[in-house]
*Asks:* 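Please read through the structure below; I'll follow up with questions.
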Amino acid sequence: MARTIVHADLDAFYASVEQLDNPELRGRPVVVGGSAESRGVVAAASYESRAYGVRSAMPMSRALRLCPDAVRISPRFERYGEMSKQVMAIFRSVTPLVEPLSLDEAFLDVSGRAKFHGGRRPLAEFLRAEVKKRTGLILSVGLGTNKTVAKIASESGKPDGLIIVPAGREAEFLAPLPVRALWGIGPKSEAVLAEAGFARIGDLAASSSDRLGAILGSRGPEVYEMACGRDDRPVVTDSERKSVGAETTFPRDLPDGDELRNQLRRIAEEVGERLRRHGARAKTIALKLRYSNFNTITRQTTRGEPTDGTDEIHGEATVLLDNVVRSGDKFRLIGISCTNLEEERKEQLKLFD
Amino acid sequence: MKLSCLQDNLTKGLSIVGRAVPVRSTLPQASHIKLETDQGRLKLVATDLTMAVTCWIGAQIEEEGSITIPARLLTDFVASLPNEKIDLSVSERGHQLHITCARNEATMAGMDAEDFPPVPPVDDGLSINLGPAELSKAITQVQFAAATDDTRPVLTGIHTLAEEQTLTLAAADGFRLAVHKLALTEEVPEKVEVIVPVRALREVERLLSDQTDQVEMSINGGRTQVLFKMNSVEIVATLIQGTFPNYGQLIPSSFTSRAEIDMKQFLQETRIAAIFARDGAGIVKLQMEPSGEGQPGKLTISARAEEIGEHRGDMDVKMEGEEAKIAFNSRYLQDVLQVLEVDSVALETTSPSSPGVIRPIGDDSYVHVVMPMFVQW
């Protein structure tokens, strides 16, 4: 039976929270991020500022040139976390199968739930209305039979959108969209595909798994399946989420040095301990750094052998840190997250029952 | 009743029957031992109503008679006496046992032997004679595989099948299976299939080292009781009723990898790895590599203790088939390896999640099947 997957995404989340908390900001272009002087970047832009061409991840100095009237606000991640929790709670009131992707977006597996709401559209409308009522935030929803379709549907409907892709019409829905709408197709892959004559997802679907394999390598077959509207990845709930991480925000920005390195060691210990407690070992270790200008980067490395050892995790994270740190850098936050987990499933098999 | 015997003999007899005395019983007589003169000997009986042990010891009988005495009191008292002659007598009037030994004198309150639970007769059935050494080996090699919890009572017993000229003992606890075949000197007149409580067989096995003559095993016509008759001890046990799993189909008929392994080395390496496996559900991982050019095959046993360390040991083996990986609970491996009396064993596997088979090389009488642990390699 076809699944019903929802991708729910809050519109201009950080900026919207700021506008909600401070009515004076409503209707005005708001950009959230570090100051231009500290070489900050845009973490979020309200739709008013987007009209001027402001986009996330753009240097703040450029954003303010594009939109001189914009109000810049330093991010308040704790507050966003609180709001996010409320929204996720609304999602979980509909289904326990919620996979948060970040503070402002999540996949929901609502298969079999629609009948309680009188259909798929009423269910999606219910989510949007509840979020609006309880938090004031605007939620865009895409609904389809799998994650790829749901995600692209919600993206296409933004802002304040609701797009439902009926079962059997997935490929048809995707066909006219540019290839970069697909997950995992970034500017590089897009260029490679363009050179091979693929502009739209429909072009990919009309090709073949082998052909795309020849162009994109091992990811080819997966991309082909997605282009055809097929994707059987399950919605993975928080409790079974395949990542274990920890991070810490410093009371004052830290330069590279003993204090920062000690924090890294402490976080590695915490992450290692949690991995071991969950009986999991990680292949991928990611270092997260937030600079004093709020620019946040992650660097990751994948090991041949999964690990749950504090020393290994610390070692990998240290190498990552050494590779990015430059003198004069100051950091607000450092974190480690381990993904690509291998649960150490141990089970005595039975001879008979 | 009036008799005398040696303290040593009485102590030994009491300790043999004492194993049938229940720790707790609703029936007061069951926590007693029955003493009874019997054809010039003193007969001791104890039972927990599922198993009865009877032992005869040499005695000088002056007056026939019987009595039951609380097991614990009698056993502890007699065991503490000097190894000299003991005089036992039961007073005419009451149920009191009078004991004198050297300069000790004691009186114990007992009960009428008439009220002691009777030991059921085991007759009109099958009787077979078994060599004590062979029976001991058979019991030793299967008993550890019987289930210890009684969620499925049949699995707490040893499946005992007498057919033609073979007696087959089998035990399985859901994770492993041990099967031992004993050749009989005579063909049995009919096929008999029963489930003997493992506890009774363990008691039998304990007594077999003193046994020189053949042991007579009898099963009654109603297939409800089994009797093991030894030199001066008899054990009667109530058979477990039910259907034992059809284990024949659980023994893999083929393999993709087979290693012939030195038994002592295999056991030693397993024990070493088990030290590391203590915290990890006892998991030891086995890897078998086929022989290369001029190279013998190799068996590697490894174990890992989270955050503590790991160990690997290897040994040369004679390998047949493909390389293989399989993980076992180390205890299961040790259990089987330490009861085999051969120089080398064969380990046969098909996949990391299919049963492993262990066979003593040069001894077709035994096969052991053990389910692996599913682990992430």
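To find a chain, count down the sequence lines: A is the first, B the second, and so on, and within it residues start at 1. Keep in mind the model is a prediction, meaning the values are calculated, not measured.
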*Asks:* Counting only heavy atoms from other residues, nucleotides and ligands, does the tally under 6.0 Å from CZ of B:Arg312 exceed 12?
*Replies:* no
*Asks:* Count the heavy atoms of every other residue, nucleotide or ligand shown that sit under 6.0 Å from CD of B:Glu323, and state whether that count exceeds 12.
*Replies:* no
*Asks:* Of all heavy-atom pairs between B:Met371 and A:Leu349, which one has the smallest distance, and what is that distance?
*Replies:* CB-O, 3.1 Å
*Asks:* Search all heavy atoms of A:Leu351 against all heavy atoms of B:Leu250 and return the closest pair with its distance.
*Replies:* O-CD2, 3.6 Å
*Asks:* Heavy-atom distance under 4.5 Å between the side chains of B:Asn246 and A:Phe352, does that happen here?
*Replies:* no
*Asks:* Check each atom of B:Pro245 against the heavy atoms of chain A and say whether the ones under 4.5 Å are side chain, backbone, both or neither.
*Replies:* side chain
*Asks:* Around atom CD of B:Gln249, are there more than 12 heavy atoms from other residues, nucleotides or ligands closer than 6.0 Å?
*Replies:* yes
*Asks:* Is chain A contacted by the side chain of B:Tyr332, its backbone, both, or neither, given a heavy-atom distance below 4.5 Å?
*Replies:* side chain
*Asks:* Using the test ring pair (Phe, Tyr, Trp, His ring centres under 6.0 Å), find all partners of B:Phe255 that sit at least two apart in sequence or belong to another chain.
*Replies:* none
*Asks:* Just jot down the ring pair (Phe, Tyr, Trp, His ring centres under 6.0 Å) partners of B:His159, sequence neighbours excluded, or say none.
*Replies:* B:Phe244, B:Tyr247
*Asks:* Output the residues of residues 146-154 of chain B for which the shortest heavy-atom distance to chain A is under 4.5 Å, in residue-number order; output 'none' if no such residue exists.
*Replies:* B:Arg152
*Asks:* Please identify each residue that fulfils side chain to side chain contact (heavy atoms under 4.5 Å, CB included) with A:Arg265, with sequence neighbours left out.
*Replies:* A:Glu269, A:Thr310, A:Asp311, A:His314
*Asks:* Looking at A:Gln348 and B:Phe175, would you say the former's side chain and the latter's main chain have a donor-acceptor pair under 3.5 Å?
*Replies:* no
*Asks:* Around A:Asp232, counting heavy atoms of other residues, nucleotides and ligands shown, do more than 12 lie under 6.0 Å from its CG?
*Replies:* no
*Asks:* Is the number of heavy atoms from other residues, nucleotides or ligands under 6.0 Å of A:Asp322 CG greater than 12?
*Replies:* yes
*Asks:* Heavy-atom distances under 4.5 Å only: say whether B:Ile251 touches chain A with side chain, backbone, both or neither.
*Replies:* neither
